[in-house]
Enquirer: 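My questions will all concern the structure given below.
Atoms within each ligand, like the ligands themselves, are counted from 1 in listed order. Not measured: the values here are computed from a predicted model. Heavy atoms only: backbone and side chains are in, while hydrogens, waters and symmetry mates are out.
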Amino acid sequence: MRKFSFETRSIHDGQSPDQITGAVNVPIYQTSTYAQKELGKTYQGYEYSRSENPTRKALEECIASLEGAKYALAFSSGMAAIANILYLLSSSDHVIVSDDVYGGTYRLFSKIFTKFKLEFDFIDISSLESIKAALKRNTKMIWVESPTNPMLKLVDLELISKLAKEFNLISVVDNTFMSPYFQNPLEWGIDIAVHSTTKYLGGHSDIIGGALAAASNSIYEILKFHQKSIGAIPSPFDCFLVLRGIKTLALRMKEHQKNALKIAEFLEKHPEVSRVYYPGLSTHPQYILACRQMKGFGGMISFELREGISAVKNLFKNIKIFTLAESLGGVESLICHPASMTHASLPEDRRLSLGITDGLVRISVGIENIEDLLWDLEQALEKNRIIQKLG
Ligand SMILES: *Cc1c(COP(=O)(O)O)cnc(C)c1O
């Protein structure tokens with residue numbers, strides 16, 4: 001049998017026409033419970049929607065297929081998916097975490113799971129030596145993001161998975177920034193890939209959701225047990241919306257990337273901009289790794305304005321198409337200020353040591369017309385230059 005391409009799988013996997021009505025799209029099974037034919041005999045194995053629901057199952061099968069996994073599970077948010085994975089651990093276990101993980105992940109680990117005597121070391125994951133130095137007898141998990149937010153640093157996933165196997169750790173990659181279209185961590189031997197489906201998978205900034213894909217049956221069985229026991233499941237309607245988003249994931253990701261590359265190149269040449277962080281630029285320090293490990297470079301760019309916070313404020317005031325907002329991965333372009341928005345909860349010295357200066361701006365490049373987006377950035381940065389000159 002032919003192995004179908006990503007585009008075909010994203011539209012069909014888990015989503016064959018409804019057996020009874022022939023409905024082409026998976027219905028929204030808005031039900032909490034399921035009739036049983038007789039005692040102990042269900043129709044198709046469904047008993048109660050916290051455990052299983054057909055709309056959710058379709059989404060889970062589709063995500064598993066796109067991540068090249070046997071199994072996937074859907075959750076009510078990215079954070080819920082992340083928390084469910086942490087319950088694989090027991091108190092006194094130790095986790096190595098990359099030092100610039102998503103702020104919500106940092107908060108969950110450092111403020112909540114430490115109460116249950118889990119230990120975390122947030123370290124610079126870029127060198128194997130620093131990871132090895134952080135290993136302890138009780139280290140059970142390694143948690144990374146690649147590329148990171150907002151500095152777009154990469155981690156060599158193959159190295160991480162080899163190290164995890166050598167030291168018997170569970171390896172987890174938060175794959176939200178790349179989506180399964182541009183990166184499949186399980187291909188590199190990683191145990192679990194996790195997503196905020198709120199972002200690219202949903203793709204329209206209209207739901208909060210999460211998912212994970214697991215390589216091994218034993219890990220999946222435990223996580224499925226967590227999913228129904230903890231209960232942070234997505235609604236059937238939200239599952240429907242994510243499934244609907246996924247149908248155009250390939251199309252969208254290609255456009256996000258095409259636009260992002262042009263914008264990154266534009267910003268790199270702009271006199272108001274001192275640095276651009278985008279893994280698709282050949283000037284990115286890990287460009288070679290990006291080409292090897294990812295199938296594309298995504299739609300996230302960070303850049304630094306030479307004149308710092310005053311220039312940032314002017315840019316936000318004058319920009320027309322980009323919306324000032326947190327989040328990412330939707331069809332619309334968003335712009336944000338990591339230092340005061342997504343990363344405001346970090347202590348200042350930590351924030352600065354990660355490179356998140358007051359002049360740093362992050363954009364999630366949408367799929368609007370590229371000429372319009374370039375015009376917008378150009379005109380807003382130009383106003384800035386005039387203001388600086390007058391000032
Ligand atoms: C948004 C995000 C999360 C959290 O997901 P929610 O859906 O907001 O709970 C986790 N990791 C990354 C990289 C994210 O961007």
Enquirer: Considering distance alone, does some N or O of Ile208 sit under 3.5 Å from an N or O of ligand 1?
Expert: no

Enquirer: Answer yes or no on whether Lys224 is positioned over the face of Tyr71, meaning its NZ or CZ is under 6.0 Å from the six-membered ring centre and within 45° of the axis.
Expert: no

Enquirer: Looking only at protein heavy atoms, which one is nearest to atom 11 (N) of ligand 1, and what is the separation?
Expert: Asp174 OD2, 2.7 Å

Enquirer: Return yes if some donor-acceptor pair links the side-chain N/O of Arg275 with the main-chain N/O of Glu304 below 3.5 Å, else return no.
Expert: no

Enquirer: What are the two closest non-hydrogen atoms of Pro279 and Pro147, and how far apart are they?
Expert: CG-CG, 4.4 Å

Enquirer: For atom 1 (C) of ligand 1, which protein heavy atom lies nearest, and how many Å away is it?
Expert: Lys199 NZ, 1.4 Å

Enquirer: Would Phe177 count as being in polar contact with ligand 1, using the rule that some N or O on each side must be under 3.5 angstrom apart?
Expert: no

Enquirer: Does any N or O atom in Thr198 lie less than 3.5 angstrom from one in ligand 1, N or O only?
Expert: yes

Enquirer: In terms of atom number and element, which parts of ligand 1 are under 4.0 angstrom from non-hydrogen atoms of Gly209?
Expert: 7 (O)

Enquirer: List the closest protein heavy-atom neighbour of atom 4 (C) of ligand 1: residue, atom name, distance to the nearest 0.1 Å.
Expert: Tyr102 CE2, 3.4 Å

Enquirer: Have a look at Gln227 and tell me which of Glu60, Arg50, Glu52 forms a side chain to side chain donor-acceptor pair (under 3.5 Å) with it.
Expert: Glu60

Enquirer: Between Thr105 and ligand 1, is there a nitrogen or oxygen pair with a distance under 3.5 Å?
Expert: no

Enquirer: Measure the distance from atom 6 (P) of ligand 1 to every protein heavy atom, then report the residue, atom name and distance (to 0.1 Å) of the closest one.
Expert: Gly78 N, 3.4 Å

Enquirer: On the 0 to 90° scale, with breaks at 30° and 60°, tag the Phe109-Phe120 ring pair as parallel, tilted or perpendicular.
Expert: parallel

Enquirer: Would you please test Arg9 and Glu61 for salt bridge (charged side-chain N to carboxylate O under 4.0 Å, His left out) and show each step?
Expert: CA-CA 10 Å; Arg9 285 182 283 132; Glu61 284 180 15; over 6 Å; no

